[in-house]
Visitor: 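This is the structure, below, for whatever I ask next.
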Amino acid sequence: MTDQIALVLGGTSPHVELINKLKQRGYYVILVDYLNNSPGIAAADQHIQESTLDKEKVLQIAKETRASLVISTCIDQANSVCCYVAEQLGLPHPYSYQTSLDVTDKGRMKRIMTEYGISTSPYTLTTSVEGIDWDKVAFPAVVKPVDCNSSKGVHRADSREEVLRFVEEALSLSRTGYAIIEGFNEGDEIQVDCFAGQDGAQVLMTRQKKKIHGGNGMVLQSTGSIVPATLSEAEDAQTKEIASGIAKAFGLKNTPFFYQAIRTANGISVLEFAPRIGGGLSYYMLRNIAGVDSVEIAINSFLGVESDVKARAVERHYSTNLLYMKPGVFDHLEGVDELKAEGVIYESFQMKKSGTEIDSDLRSGNRVAAFIVEADSPAAVREKEKQAYRRIRVVDAQGNDALNREVNF
Ligand SMILES: Nc1ncnc2c1ncn2[C@@H]1O[C@H](COP(=O)(O)OP(=O)(O)O)[C@@H](O)[C@H]1O
Ligand SMILES: [Mg+2]
């Protein structure tokens with residue numbers, strides 16, 4: 001019998017785990033990625049250098065290779081292409097192409113959340129600066145393109161002038177030509193990882209983003225998160241209600257998903273959600289902290305196979321810490337092994353290869369490494385973090401310590 005063919009869209013590092021698991025299941029794995037140096041290439045059986053965002057091209061490749069599975073687990077746009085191709089070819093997929101469009105467009109997402117009474121701030125959409133419905137704009141506001149990610153074009157606006165300027169920018173970034181203006185939520189930002197089963201949704205893990213100091217009240221980049229989020233009983237109950245609400249509103253079944261929200265003084269307000277597993281350290285944390293293998297669940301979700309998901313209660317306290325480097329050329333890390341041996345650090349990850357050039361932006365792409373600490377209280381977590389930040393050295397090509405500690409303290 002010939003192996004079944006799986007087409008994986010995107011070779012990001014979280015997809016390495018996906019590729020390996022598919023191989024274990026007996027698939028011959030073909031990676032589609034327009035880059036020629038992504039981490040997934042070495043893991044896959046074959047690499048086709050094409051854009052994962054070109055849905056007609058991917059459809060053609062899927063036909064030519066006779067793929068029986070087209071999959072992506074943590075890239076929004078690629079997920080949508082998977083659903084499109086699978087629908088065209090009658091292959092299994094986790095939700096309809098229409099649903100995938102509903103969730104990669106912040107305008108559609110907000111409309112559906114509002115219709116279903118899911119707690120989210122008021123909003124208005126516009127295709128031009130002249131067309132802004134000022135009756136629906138309250139300050140402070142947040143302006144965004146409807147269809148970008150990684151905080152691209154997202155700004156807080158405190159005046160009409162700022163709204164005008166940021167709407168113009170958002171319109172130039174949006175592929176569909178729409179900007180959204182919504183109410184600003186004051187408070188800590190949380191992320192809630194969930195699973196939608198056949199009858200209802202459950203919360204798997206909560207985390208709270210650590211803010212980068214010196215911002216304007218908006219966390220556009222984060223230095224990591226604490227797990228679990230420090231929620232009151234009422235907030236805890238609300239996270240579950242929202243999870244069920246989202247699963248119902250978007251018709252999610254047998255799918256992992258996560259949402260981002262702000263804990264405001266008046267309860268939790270949802271910013272956005274994604275029907276997939278998170279990128280970055282999400283997989284590691286869900287497996288090691290909540291005991292849930294999210295990649296396994298995601299594959300099952302694509303194949304239409306039910307998963308028996310039971311998250312274990314998170315008893316201890318954790319934090320993830322993303323290390324940003326000052327501009328320069330990254331060379332190597334120092335101090336990590338000792339900190340691990342002493343039990344200060346629970347786990348560490350190097351995210352950049354030696355020789356990578358880093359600019360001054362606090363972008364997610366400028367994180368060179370990360371570490372996780374574990375302790376029995378939030379205060380003890382903080383102590384371990386401080387010790388680790390003091391002792392870790394991010395050494396640049398000149399031999400200097402270039403760790404950007406200012407963003408953390
Ligand atoms: N209405 C809002 N109130 C407060 N902060 C917001 C709001 N909208 C977005 N943000 C901040 O901006 C970040 C990026 O916005 P988001 O809507 O999640 O877009 P993206 O798709 O780029 O992640 C959020 O993680 C949050 O920190
Ligand atoms: Mg977001």
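For ligands, and for the atoms within them, numbers begin at 1 and follow the listed sequence.
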Visitor: Would E347 and K340 pass as an ion pair if we require N to O under 4.0 Å?
Guide: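 Yes, charged N to carboxylate O under 4.0 Å.
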Visitor: Do K210 and E385 meet the salt-bridge criterion of a basic N to acidic O distance under 4.0 Å?
Guide: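 Counted as a salt bridge, because a side-chain N and a carboxylate O are separated by less than 4.0 Å.
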Visitor: In terms of side-chain heavy atoms, does S72 have a donor or acceptor partner in N79 at a distance below 3.5 Å?
Guide: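 Side chains of S72 and N79: pair found under 3.5 Å.
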Visitor: Does at least one non-hydrogen atom of G153 fall below 4.0 angstrom from an atom of ligand 1?
Guide: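 No, G153 has no heavy atom closer than 4.0 Å to ligand 1.
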Visitor: Hey, is E186 touching ligand 1 through its side chain, its backbone, both or neither, going by heavy atoms under 4.0 Å?
Guide: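 For E186, there is no contact with ligand 1 at all, from either part.
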Visitor: Yes or no on ring-ring contact (aromatic ring centres under 6.0 Å, His included) for F250 and Y95, after CA distance, side-chain angles and deciding distance?
Guide: CA-CA 9 Å; F250 293 87; Y95 36 80; over 10 Å; no
Visitor: Give the atom numbers and elements of ligand 1 that come within less than 4.0 Å of a heavy atom of E182.
Guide: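 Those qualifying, in numeric order: 1 (N), 2 (C), 7 (C), 8 (N).
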Visitor: Whether D102 and R111 form a salt bridge (side-chain N of Lys/Arg under 4.0 Å from carboxylate O of Asp/Glu) is what I want to check.
Guide: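 No.
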Visitor: What are the protein N, O or S atoms, given as residue plus atom name, that sit under 2.8 Å from the Mg ion (ligand 2)?
Guide: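 Q260 OE1, E272 OE2, with waters left out.
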Visitor: Under 6.0 Å from the six-membered ring centre of F184 and within 45° of its axis: does the NZ or CZ of R156 meet both?
Guide: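 Relative to the ring axis of F184, which defines the angle, R156 lies inside both limits.
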Visitor: Between R156 and ligand 1, find which residue part has any heavy-atom pair under 4.0 Å and reply side chain, backbone, both or neither.
Guide: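 For R156, no heavy atom sits under 4.0 Å from ligand 1.
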Visitor: Is any NZ, NE, NH1 or NH2 atom of the basic residue among E169 and R165 found under 4.0 Å from an Asp or Glu carboxylate oxygen of the other?
Guide: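 Not counted as a salt bridge, because no side-chain N and carboxylate O are separated by less than 4.0 Å.
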Visitor: Run down the list K209, H155, E189 and name the one with the heavy atom closest to atom 24 (C) of ligand 1.
Guide: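 Ranked by closest heavy atom to atom 24 (C) of ligand 1, first place is E189.
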Visitor: Looking at C148, which atoms of ligand 1 are within less than 4.0 Å of one of its heavy atoms?
Guide: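 Going through ligand 1 atom by atom, the ones under 4.0 Å from C148 are 21 (O).
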Visitor: For the pair E342 and K384, find out whether any cationic side-chain nitrogen is under 4.0 Å from an anionic carboxylate oxygen.
Guide: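 Salt bridge between E342 and K384, a charged N being under 4.0 Å from a carboxylate O: no.
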Visitor: Any atoms of ligand 1 less than 4.0 Å from a non-hydrogen atom of K144? List them with their elements.
Guide: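 It comes down to these atoms of ligand 1: 8 (N), 9 (C), 16 (P), 17 (O).
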Visitor: Counting only heavy atoms closer than 4.0 Å, does ligand 1 sit against the backbone of V142, its side chain, both, or neither?
Guide: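 Contact part for V142 vs ligand 1: side chain (C-beta onward).
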Visitor: Does F330 have K352 sitting over its ring (NZ/CZ under 6.0 Å from centre, angle to axis within 45°)?
Guide: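 No, K352 and F330 do not form such a contact.
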Visitor: One pair to check against side chain to side chain contact (heavy atoms under 4.5 Å, CB included): K136 and I181. What are the steps and the verdict?
Guide: CA-CA 9 Å; K136 294 202 174 132; I181 308 166; over 6 Å; no
